[in-house]
There are 2 protein chains.
Amino acid sequence: MKSGQASIRDIAKALGVSVSTVSRALKNHPDISEETCRKVQEYAQSVHYRPNAMALGLKNQRSMTIGVIVPEIVHHFFSSVISGIEDMAYGNGYRVMICQSNEDYRREVINVQALMDHRVDGLLVSISKTTLDYNHFSDVIQHDIPIVFMDRVCNEISSDRVITNDFEGARLVVTHLLERGCKKIMHLAGPQHLSVGRDRFEGYRQALKEFNIPLDEEYVLRCDTPGKLHARRNQILSLAPKTDAVFAVNDFTAVAAMRLLQDNDYRVPENIRVAGFGDDPVATMVRPALTTVEQRGYDMGKEASRMLINRLTDDKDKNFQTKTYPAFLKVREST
Amino acid sequence: MKSGQASIRDIAKALGVSVSTVSRALKNHPDISEETCRKVQEYAQSVHYRPNAMALGLKNQRSMTIGVIVPEIVHHFFSSVISGIEDMAYGNGYRVMICQSNEDYRREVINVQALMDHRVDGLLVSISKTTLDYNHFSDVIQHDIPIVFMDRVCNEISSDRVITNDFEGARLVVTHLLERGCKKIMHLAGPQHLSVGRDRFEGYRQALKEFNIPLDEEYVLRCDTPGKLHARRNQILSLAPKTDAVFAVNDFTAVAAMRLLQDNDYRVPENIRVAGFGDDPVATMVRPALTTVEQRGYDMGKEASRMLINRLTDDKDKNFQTKTYPAFLKVREST
DNA sequence: AAAGACACCGCAAACGTTTGCGATAGTTTT
DNA sequence: AAAACTATCGCAAACGTTTGCGGTGTCTTT
């Protein structure tokens, strides 16, 4: 017995018919007699025939595959996004090819390359923190491969987008802190060249402004990972006595900050309040549970996938859309 | 300008040579003159030529793609595994196609199907909780597609495996609890048809045995997610007063148990000790930090990928191997 | 009985690539 | 000067599939 999977040609040979007849019989083409269809289909079934996706892709000039590039799959947000993408894609007959940039620009370029080599029909991308040049994406678009950016979007490229209302989310949570009576709110900020980092900072700034509190740059730290937080622990602890609250750009950093403060005998929220962004599962696992802003990764992935598939099928030349998910405040124990 | 990516034929046409010449020139075949090689390569460069992976796959009868099936990508352990797989695979010229079974047997079968349709060269699998039948895997192996099982292995199929020493890990952590003086240790167990669930239970049983403590079935609950824990909260709380410690089959469940206990005025570890398994990042984020067993997902993924690629290239007919990672106890504040 | 209609099926090209083999020159050897 | 060799290149098949077109044979219509 041949070890490889059966091809349409194997079936043709076994049944003494031509490959075209087999091909047509398998899809009940009216030109083929019922008798032949039955025999072909039965035989195909018996040898577990399955069409070769590569051959189909070559022939049809579309791979039915969507390429996905995210910074790091280990972040719950991004893995949720991927789950959403997968569910929508598989439901529409598309396969998904996932790559991680590991927040590395060069890796991102290589990822794009690899996906293009596989002739993916479209791309779903969340750009890395270190990406400042976008030519690899414009190359893709020049080849008529549509891209939908998710969360970490790229404003320099006109395309579809799926984002959270980061500005409003940050404004909401900082307003919440101000309403609790906080005057001096530290912001652990993300990279300002990314829209998510910038918008959350702007939301922070706006909330302060609405409460007539001047922005104190000293209390805005570029610090968006537990690692960076640890590296700047002394700076943060020296600021802490004068601080009412901490608003971190993501939940990991917020939790790390909370632990740092608690380990130094601050009580949360009594002495200092802490809030994050993203509503990671960890937010409900820590004590006190973390106040944060909901970010619906699964839905965003699903929507991005839907937009891409739509562009791949129906309306190729529709104007680019930006789907913005509203931000919901999740008030918990930490504030 | 043509929108699609340039093919070897486009280059041939543009330069007035044959496709075979282009193909050879691109790889500096000695039959082709330096002059021609240079011209072809320069032109290919200028149009950003990249070989079509599907065409290559068809021709070479190997896709250079590895299929991966994991239960749920949102679990840190599995996303670490995937990172390890990716790094090793990409480093060896392989691409990775990732599927989630969502702990659903039927979905797993579909995943296998989809990956076979794409003619992946090999499979990396962690089986779902609901999988009791393994014919979809033996079909794959009959087609000469090697499988390496990771963590959630399948003993009914002879294949390569990468696992953690679950038995020893559980024995270690339970022994640790017993050494702390615990007499009545509750076990929140995983599915017993999965080796991970069974081995961890056996390790628990063995540790008790070594301390001459009889196993009390009443204190062994099938409960391996925060959701199930919540559903059985009353049962757990009624057992709690007589309980010294809780050993959960994974960290999420352990953390959920810890929260449940804390919310009901138990103090951890003073009144009751809690331990998990897996060393998820959340273990260090909660207070008290969770004692657990390290499980090196990234390394396991990397190793599984390495074993698969090895079998794909060097030694196709080598005996099947099982790589067992030792279990290390991580003692933290919760015990 | 000739002609059209119909049912059923095969040929071959195409998708992009590789590769064994043959072809054409020019150059060297005898 | 014939033979042999070398350098350089093209033809065509193959991988698995789809599909337009053409080709049978049978049946119905006039």
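Proteins get letters first, then strands, A, B, ... in listed order; numbering begins at 1 in each. As a basis for the values below, the full set of heavy atoms in this structure was taken, side chains included, without hydrogen atoms, waters or symmetry mates.
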Under a 4.0 Å heavy-atom cut-off, which of residues 43-57 of chain A touch DNA chain C?
-> none
Measure the distance from CD1 on A:I8 to P on C:dC11 and round it to the nearest whole Å.
-> 15 Å
Of all pairs that satisfy side chain to side chain donor-acceptor pair (under 3.5 Å), the ones with a partner from residues 145-161 of chain A, not counting sequence neighbours | A:E103-A:R152, A:D151-A:Q295, A:D160-A:R311
Can you list every salt bridge (Lys or Arg N to Asp or Glu O under 4.0 Å) pair that touches residues 124-136 of chain A, not counting sequence neighbours?
-> A:K129-A:D224
N/O (side chain, A:T36) to phosphate O (OP1/OP2, C:dC8) under 4.0 Å = no
Can you pull the ring pair (Phe, Tyr, Trp, His ring centres under 6.0 Å) pairs that have at least one residue in residues 105-138 of chain A, sequence neighbours excluded?
-> A:Y105-A:H136, A:F137-A:F149
Length of the CG-P vector between A:D10 and D:dC15, whole Å = 9 Å
Residues passing the side-chain hydrogen bond (donor to acceptor under 3.5 Å, both in side chains) test with A:D299, sequence neighbours excluded, are A:R296
Rounded to whole Å, CG of B:N28 lies from C1' of C:dT18 at a distance of 16 Å
Please, which pairs that meet salt bridge (Lys or Arg N to Asp or Glu O under 4.0 Å) have at least one residue in residues 29-41 of chain B, sequence neighbours excluded?
-> B:E35-B:R38, B:R38-B:E42
B:M116 CE - D:dG16 P separation (whole Å) | 14 Å
Axis bend over the full length of the helix from C:dA1-D:dT30 to C:dT30-D:dA1, computed from five pairs that close each end, to 10 degrees = 70°
Look at the side-chain N and O atoms of A:S7 and state whether any lies under 4.0 Å from the OP1 or OP2 oxygen of D:dC15.
-> no
Between D:dG10, D:dC15, D:dT18, which nucleotide gets closest to the side-chain atoms of B:L58?
-> D:dC15
What is the distance from CD of A:E34 to P of C:dA7, rounded to the nearest Å?
-> 12 Å
Exactly one candidate in B:T131, B:L132, B:V125 meets side-chain contact (heavy atoms from CB on, under 4.5 Å) with B:S128; the answer is B:T131
Taking only side-chain nitrogens and oxygens of A:Q61, does any of them come within less than 4.0 Å of OP1 or OP2 of C:dG16?
-> yes
Over how many whole Å does the gap from A:I32 atom CD1 to D:dG23 atom C1' extend?
-> 14 Å
Set of residues satisfying side-chain hydrogen bond (donor to acceptor under 3.5 Å, both in side chains) with respect to A:R9, sequence neighbours excluded | none
Do you see a donor-acceptor pair shorter than 3.5 Å between the side chains of A:N102 and A:E108?
-> no
Please say whether the positively charged group of B:K323, taken as NZ for Lys or CZ for Arg, lies over the ring of B:Y325, i.e. under 6.0 angstrom from the six-membered ring centre and within 45 degrees of the axis.
-> yes
Considering heavy-atom distances to DNA chain D, does B:G16 or B:R119 have its closest nucleotide positioned more toward the 5' end?
-> B:G16
Quick one: side chain to side chain donor-acceptor pair (under 3.5 Å) pairs with a partner in residues 12-27 of chain B, sequence neighbours left out?
-> B:S18-B:S20, B:S18-B:T21
Any salt bridge (Lys or Arg N to Asp or Glu O under 4.0 Å) involving residues 79-98 of chain B? Give me the pairs, sequence neighbours left out, ordered by first then second residue.
-> A:R107-B:D87
Salt bridge (Lys or Arg N to Asp or Glu O under 4.0 Å): pairs with one or both residues in residues 44-69 of chain B, sequence neighbours excluded = A:D117-B:R50
N/O to N/O distances under 3.5 Å, protein versus nucleotides 19-25 of chain C:
| from | atom 1 | to | atom 2 | distance (Å) |
| --- | --- | --- | --- | --- |
| C:dG20 | N7 | B:R24 | NH2 | 3.1 |
| C:dG20 | O6 | B:R24 | NH1 | 3.4 |
| C:dG20 | O6 | B:R24 | NH2 | 2.7 |

How many Å lie between NZ on B:K13 and C1' on D:dG10, as a whole number?
-> 16 Å
Could you give the CZ-to-P distance, from B:R9 to C:dT18, as a whole number of Å?
-> 12 Å
